[in-house]
2 protein chains.
Amino acid sequence: MEKYRDLHLKLTPQRLAILRYLEGNTSHPSAEDIYKAVLQQYPTMSFATVYNTLEALKNKGRVQELKIDPNKKRYDPDTRQHHHLICVTCRNIVDIYKDFELTLSEDLTSGFELLGNSVEFYGTCQKCRVGN
Amino acid sequence: MEKYRDLHLKLTPQRLAILRYLEGNTSHPSAEDIYKAVLQQYPTMSFATVYNTLEALKNKGRVQELKIDPNKKRYDPDTRQHHHLICVTCRNIVDIYKDFELTLSEDLTSGFELLGNSVEFYGTCQKCRVGN
DNA sequence: CTATCTGCAAACGTTTTGCATCTGT
DNA sequence: ACAGATGCAAAACGTTTGCAGATAG
């Protein structure tokens, strides 16, 4: 509760539930995952509130929108620069904390001013390899 | 025409138009971009045909689906391993051909069998920096 | 007290589907 | 001839929006 004070957002019960759900969550949940989780506590919870809160948290830099899944957005409460390893079979996502120190020489940047980068590794997780 | 024989797909005029549009195309078009382009030649063209053809080409490994844009899928006829540099302002995408030789030590792979990786660089293109 | 948030329902943009008809091989 | 493609319209899906009523600060 205290630790969310600096968000300068109205801390409604629904928002606190979303914040609690996201805190330390490494499952990279979709809006629906969040909705379903919070719905159990607040049966009137709506998608509007989930998206509204995610938008606010994005703007405050407290959540990152991931483009890892082609079908829906996923959200990551860990906004430190990090990378992802994705199972091509079950779409499970694992965080990778490593600085690859990637650079691009002038002739590759096409005049862009670089701001950052993100690496996705693809593979098959242990569970999905069993039985194949 | 000849060069598409090995796709083992029915080469309908609509498909050939899509293939021609994609050939050497580095604009990473969305389904709508493709639809609009082919529509001029075939006024009865439908999205169903665009998506159907893209699905077939994906399965044949002749086109790659990109998750670069959170709002819609984009397609890339260049299926060689390469990376992308994306303008955060105008969403323009530039190809990066460079092998970064990224590796993950055992303790980071969580038991995954690695298959590949893809790097996205973010930045602002020259055009979008002008006037800011 | 009031700026902001909630929750519903309707709208939106993209992608998928069912199906009758057509066509490449 | 017929497996497979087209094209239309409808539906599905994730996400966004408008708005009336509620509430945190």
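Each chain gets a letter, A, B and so on, in the order the sequences are listed, and its residues count up from 1.
Atom CG of B:L66 and atom P of C:dT15 are 12 Å apart (whole Å). Rounding to whole angstrom units, OH of residue A:Y75 and P of D:dG14 are separated by 12 Å. Put simply, CE on A:M45 is 14 Å from P on C:dC5, counting in whole angstrom units. Per the geometry, CD belonging to A:E65 stands 15 Å off P belonging to D:dG14, to the nearest Å. Rounded to whole angstrom, the span from the NE2 atom of B:H8 across to the C1' atom of C:dG24 amounts to 15 Å. When the P atom of C:dT15 is taken as reference, atom CZ of B:R74 falls 11 Å away, rounded to whole Å. Distance NZ (B:K60) to C1' (D:dG4): 12 Å, rounded to an integer number of Å. Rounded to an integer number of Å, the gap from B:N71 CG to C:dT14 C1' is 10 Å.
At least one donor-acceptor pair under 3.5 Å links the side chain of B:R129 to the backbone N or O of A:G111. Between the side chain of B:N25 and the backbone N or O of B:Y21, at least one donor-acceptor pair lies under 3.5 Å. Remark: side-chain polar atoms of B:K60 are paired, donor with acceptor, to backbone N or O of B:L7 under 3.5 angstrom.
Nearest heavy-atom pair, B:C87 versus B:T124, reported as atom, atom and distance to 0.1 Å: SG-CA, 4.0 Å.
Between A:R91 and A:I86, some side-chain heavy-atom pair lies under the 4.5 Å cut-off.
Look at B:R15 and you won't find any side-chain N or O under 4.0 angstrom from OP1 or OP2 of D:dG4. OP1 or OP2 of D:dG7 lies within a sub-4.0 Å distance of a side-chain N or O belonging to B:T44. An OP1 or OP2 oxygen of C:dT23 is reached within less than 4.0 angstrom by no side-chain nitrogen or oxygen of B:Q14.
Ring centroids of B:F121 and B:F100 are separated by less than 6.0 Å, placing the two rings close together.
A:L108 is connected to B:L102 through a chain of hydrophobic side-chain contacts under 4.5 Å among Ile, Leu, Val, Met, Phe, Trp and Tyr, so both are in one cluster.
Listed by residue number, B:A48, B:Y51 are the residues of residues 47-56 of chain B with a heavy-atom contact under 4.0 Å to DNA chain C. The stretch residues 30-42 of chain B touches DNA chain C through B:A31, B:E32, each having a heavy atom under 4.0 angstrom from the strand.
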Reading nucleotides 20-25 of chain D from 5' to 3' and marking B where a protein heavy atom lies under 4.0 Å of the base, S where only the sugar-phosphate is that close, and - otherwise, the string is ---BBS
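Looking at the side chain of A:K72, the nearest of the listed nucleotides C:dC5, C:dG7, D:dT15 is D:dT15.
Residues A:H28 and A:D33 bring no donor and acceptor atom of their side chains to less than 3.5 Å of each other. Side-chain N/O atoms of A:D76 and A:H82 include a donor and acceptor closer than 3.5 Å.
Salt-bridge annotation for B:E55 and B:K58: present, with a side-chain N of the basic residue lying under 4.0 Å from a carboxylate O of the acidic one. A salt bridge does not link A:D95 to A:R80: none of the charged nitrogens lies less than 4.0 Å from a carboxylate oxygen.
Atom CD1 in B:I96 sits 8.5 Å away from atom OG in A:S105 (nearest 0.5 Å).
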